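Within every chain, numbering begins at 1; the chains are lettered A, B, ... in the order of the sequence lines, protein sequences first and strands thereafter. Keep in mind the model is a prediction, meaning the values are calculated, not measured.
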Amino acid sequence: MEFKFTEENLQKIETVLKKYPEKKAAVMPVLYIAQEQNGYISGEVMKEVARVCEMPEEEVLGVVTFYTMYHQKPIGKYHIQVCTNVSCMLRGAYEIYDKVKDQLRINNGEVTADRQFSLEEVECMGSCGTAPMIAVNEDYYENLDVSSTIKILESLK
Amino acid sequence: MEKIVLPDIPNFDKIDTYLANGGFSAYRKALTQYPDDIIDQVKKSGLRGRGGAAFSAGLKWSFMPKTTDKPKYLCVNGDESEPGSFKDRQIFEYNPFQLIEGILITCYAIGAKTCYIYIRGEYHKWVKFMEKAVETAYEKGFVGEKMKEVFGGGFFCDIHVHKGAGAYICGEESSLMNSIEGKRPYPRVKPPFPAQNGLWGNPTTINNVETITNVPAIINKGWEWYASIGEPKHPGTILFGVSGHVNKPGVYELPSGTLLTDIIYSYAGGVPGNKKIKCVIPGGSSMPPLRGDQLEGVKMDAESLRMAGSAIGTGGIMVMDEDTDLVKVLARITKFYYHESCGQCTPCREGTGWMLKLLNRILRGEGSTKDVELLVSVANNIEGNTVCALGEAAAWPVKFMVTRFRDEFEARVKESAAREVVNKVHSMRRTVNPISPINI
Ligand SMILES: Cc1cc2nc3c(=O)[nH]c(=O)nc-3n(C[C@H](O)[C@H](O)[C@H](O)COP(=O)(O)O)c2cc1C
Ligand code: SF4
Ligand code: FES
């Protein structure tokens with residue numbers, strides 16, 4: 001399906017382009033805007049981003065695949081990210097991670113059948129002082145334990 | 001104790017509070033001096049980078065060419081993705097205007113007209129804080145063309161926030177520049193160095209968020225004052241992020257050279273359940289781990305930590321109690337570097353994978369003594385053979401964890417009965433040191 005930016009997003013892109021001396025440099029913010037509009041980065045999205053940023057499609061693909069935060073497949077309405085790196089692990093992150101898998105009945109990288117939840121085991125999120133933590137979409141939830149994590153999941157259902 | 005980077009002033013993140021407390025007076029003062037004098041003062045202050053390598057900030061600035069027609073750039077590194085590091089986000093949240101003022105002074109000193117603040121993508125909330133602060137500063141005429149009217153002096157510069165998208169390697173300075181340029185962010189081969197050939201081939205300086213936030217205080221109170229704080233060879237305060245097995249994890253701003261045991265036992269409240277400490281990683285996950293029985297007297301500054309067999313890194317202190325499974329910890333650390341390797345160099349790409357396989361094998365109880373030796377040898381073969389320092393970052397924890405806790409690893413690959421022994425060694429006597437008074 002062809003992808004076109006909304007009028008509003010085209011204006012956002014105009015602002016973003018002004019920050020850099022070259023259009024190509026805006027590819028990351030433009031991808032974010034596209035992902036917000038489309039939910040994920042499809043081939044069609046990359047084609048349009050390549051056009052806007054005046055760069056080859058392969059290079060856009062090279063950028064998209066390098067980072068963890070551009071999704072090439074649809075994710076759930078609530079994207080649950082559980083940090084299991086050392087500082088979180090020392091304070092029980094794997095118990096939380098296992099419980100979340102249990103509760104949602106999905107594994108790392110999967111989406112629930114109703115498309116409500118997706119799960120990702122993530123690297124250190126910079127919340128080691130308030131570990132363990134999870135992120136739901138863009139929001140951090142910190143100082144967790146198994147029961148407070150379940151409460152968060154319940155509140156989203 | 002007076003704090004420089006995170007002062008205990010309520011609402012310091014609000015422009016009015018910042019101004020009421022002398023905000024932007026350092027930039028005004030800087031404008032009355034030559035750029036070279038500013039560089040000289042920062043050099044003499046002894047300010048060293050807080051992003052990992054502890055390189056002299058003033059010296060780095062002095063590498064920027066003075067006579068060039070090319071545009072010059074400043075990149076402020078807020079990628080903050082090294083496990084155990086969570087300090088720069090405190091600056092974004094609680095002291096954004098001091099960072100902005102530091103940027104203005106730095107740009108004036110090195111002659112940069114544009115600054116990009118690179119913030120990791122996961123920090124959505126802190127990206128917004130920083131964008132808001134930059135917007136406010138523009139509105140007030142503290143950034144951009146209007147600076148010329150507000151401050152006089154004819155100099156102005158622009159500040160933009162660039163949001164990352166989840167890649168630890170983008171904290172490496174040349175990868176960071178490729179990321180901003182919209183390329184696949186592989187680290188670049190050095191030389192040429194950024195001061196000659198940085199963003200879009202132009203002279204560029206890259207500094208950590210905390211480094212730049214120190215600058216206004218140095219200009220305002222003088223380099224002599226700054227140089228007198230903490231350890232003379234690495235002066236100033238440092239943001240120490242304490243995590244893991246402590247009662248009060250968090251960020252503590254303390255003079256450099258503060259005893260590691262003071263930070264753990266007094267500021268961070270000691271270890272839960274009064275347990276002993278088996279291991280401490282003092283500067284973020286890539287720095288060599290220290291044994292719990294060798295923490296006494298270790299001071300937290302670049303030189304002292306080097307003498308103690310580790311490094312200051314990002315000041316992220318990870319504390320592990322006597323019951324911690326270090327094989328599991330090392331496997332988790334190695335998984336991280338394996339995941340984050342950009343794949344450009346064979347030793348790093350393949351080596352991190354091999355180390356992870358070996359560690360997982362040992363974890364499953366299927367390892368042999370030879371595997372332990374192999375681990376160290378793979379680590380040694382990565383070190384020094386790669387384009388960027390992620391190679392070392394992956395090799396160091398393996399090499400030093402295994403050699404410093406060899407009995408723990410060996411017991412793991414022998415009969416399980418032998419494992420009992422392991423938890424008894426390495427542990428430090430539980431002490432509560434009196435906090436040594438350091439006046440600044
Ligand atoms: C793999 C890797 C990751 C890094 N990540 C960061 C980071 O997140 N933040 C940072 O300030 N420096 C990071 N650095 C260090 C930078 O390359 C650079 O030295 C630093 O930003 C310079 O600033 P400073 O001199 O003020 O410390 C990293 C280095 C490597 C090799
Ligand atoms: S050392 Fe690793 S991360 Fe650095 S350039 Fe080589 S492969 Fe990439
Ligand atoms: S280890 Fe989980 S946030 Fe740092």
Side-chain angles (χ1 to χ4, degrees), chain A residues 15-16 18-32 35 41 49 53-55 58-71 81 83-91 93-94 120-133 135 137-140 142-143, chain B residues 71 80-90 114 116 120-126 128 158 160-170 179-186 199-200 241-245 248-251 281 285 316 318-321 324 328-329 332-333 335-336 339-340 342:
Chain A
T15 323
V16 157
K18 288 201 192 100
K19 298 207 287 192
Y20 308 94
E22 286 179 4
K23 288 194 169 169
K24 178 175 169 177
V27 64
M28 291 180 70
V30 171
L31 279 168
Y32 270 128
Q35 180 161 276
I41 310 281
V49 170
C53 297
E54 293 175 7
M55 62 198 277
E58 309 82 75
E59 286 186 27
V60 176
L61 180 69
V63 170
V64 169
T65 52
F66 195 91
Y67 298 98
T68 57
M69 291 174 63
Y70 298 125
H71 301 288
Q81 302 141 74
C83 171
T84 59
N85 212 306
V86 175
S87 302
C88 284
M89 177 180 110
L90 293 172
R91 298 177 81 95
Y94 275 100
E120 189 181 351
E121 179 186 6
V122 292
E123 297 296 354
C124 176
M125 298 281 273
S127 285
C128 329
T130 40
M133 68 85 67
N137 301 337
E138 299 192 348
D139 299 321
Y140 280 28
E142 305 172 286
N143 288 313
Chain B
E80 187 148 88
S81 305
E82 166 102 345
S85 316
F86 48 99
K87 62 184 181 76
D88 295 336
R89 79 179 234 194
Q90 300 291 107
T114 312
Y116 292 100
R120 64 177 299 178
E122 293 86 348
Y123 276 2
H124 304 277
K125 183 169 135 191
W126 294 273
K128 284 194 187 122
D158 285 301
H160 306 295
V161 175
H162 185 94
K163 184 178 178 180
Y168 166 66
I169 194 59
C170 289
S179 178
I180 293 176
E181 289 182 25
K183 296 182 180 147
R184 194 166 163 90
Y186 287 130
L199 269 181
W200 297 286
V242 193
S243 67
H245 295 139
K248 290 192 293 173
V251 174
I281 302 180
S285 69
M318 302 157 104
V319 179
M320 292 161 237
D321 72 19
T324 310
K328 212 165 150 188
V329 169
R332 187 62 190 85
I333 290 177
K335 184 179 170 197
F336 171 75
H339 181 250
E340 301 300 333
C342 81

What part of [X] gets closer than 4.5 Å to chain A, counting heavy atoms only: side chain, backbone, both or neither?
X: Val251(B); answer: neither
X: Glu181(B); answer: backbone
X: Ile281(B); answer: neither
X: Val329(B); answer: both

### Task
Give a yes/no verdict on a cation-pi contact between Lys125(B) and Tyr140(A), requiring under 6.0 Å between NZ or CZ and the six-membered ring centre and an angle within 45° of the axis.
no

Between the side chain of [X] and the main-chain N/O of [Y], is any donor-acceptor distance below 3.5 Å?
X: Lys183(B); Y: Gly62(A); value: no
X: Tyr168(B); Y: Cys124(A); value: no
X: Arg332(B); Y: Met89(A); value: no
X: Arg91(A); Y: His245(B); value: no

Say you draw a straight line from [atom1] of [X] to [atom2] of [Y]; how long is it, rounded to the nearest 0.5 Å?
X: Ser179(B); Y: Met28(A); atom1: OG; atom2: CE; value: 4.0 Å
X: His124(B); Y: Glu138(A); atom1: NE2; atom2: CD; value: 4.0 Å
X: Leu199(B); Y: Glu22(A); atom1: CG; atom2: CD; value: 10.0 Å
X: Phe86(B); Y: Met133(A); atom1: CZ; atom2: CE; value: 12.5 Å

How far apart are the closest heavy atoms of [X] and [Y], and which atoms are they?
X: Cys128(A); Y: Ser85(B); result: SG-N, 4.0 Å
X: Pro21(A); Y: Trp200(B); result: CD-CH2, 3.4 Å
X: Ala165(B); Y: Tyr67(A); result: O-CB, 3.2 Å

### Task
Can you establish whether the number of heavy atoms outside Lys23(A) located under 6.0 Å from its atom NZ is more than 12?
no

Most chain A-contacting option - heavy-atom pairs closer than 4.5 Å, from [options]:
options: Lys248(B), Lys335(B), Glu340(B), Lys87(B); value: Lys335(B)
options: Pro71(B), Ser285(B), Gly250(B), Gly84(B); value: Gly84(B)
options: Lys163(B), Glu82(B), Met318(B), Lys328(B); value: Lys163(B)

### Query
Measuring heavy-atom distances to chain B, does Gln35(A) have an atom under 4.5 Å in its side chain, in its backbone, in both, or in neither?
neither

### Task
Please state whether the side chain, the backbone, both or neither of Val16(A) comes within less than 4.5 Å of a heavy atom of chain B.
neither

### Query
Out of Thr84(A), Val60(A), Val63(A), Val27(A), which one racks up the most heavy-atom pairs below 4.5 Å with chain B?
Thr84(A)

#### Entry: When Ala26(A), Gly126(A), Cys53(A) are compared by non-hydrogen pairs under 4.5 Å with chain B, the top option
Gly126(A)

#### Entry: Candidate pair His162(B) and Tyr20(A), rule side chain to side chain donor-acceptor pair (under 3.5 Å), full reasoning
CA-CA 10 Å; His162(B) 185 94; Tyr20(A) 308 94; 2.6 Å; yes

### Task
Please examine the side chains of Val86(A) and Pro83(B), heavy atoms only from C-beta on, and report whether any two atoms are closer than 4.5 Å.
no

### Message
What verdict does the side chain to side chain contact (heavy atoms under 4.5 Å, CB included) test give for Thr68(A) and His339(B), after you've listed the backbone C-alpha separation in whole Å, the side-chain angles of each residue and the deciding distance to 0.1 Å?
### Response
CA-CA 10 Å; Thr68(A) 57; His339(B) 181 250; 4.0 Å; yes

### Task
Test side chain to side chain contact (heavy atoms under 4.5 Å, CB included) on Thr65(A) and Arg184(B) and set out the steps.
CA-CA 9 Å; Thr65(A) 52; Arg184(B) 194 166 163 90; 3.0 Å; yes

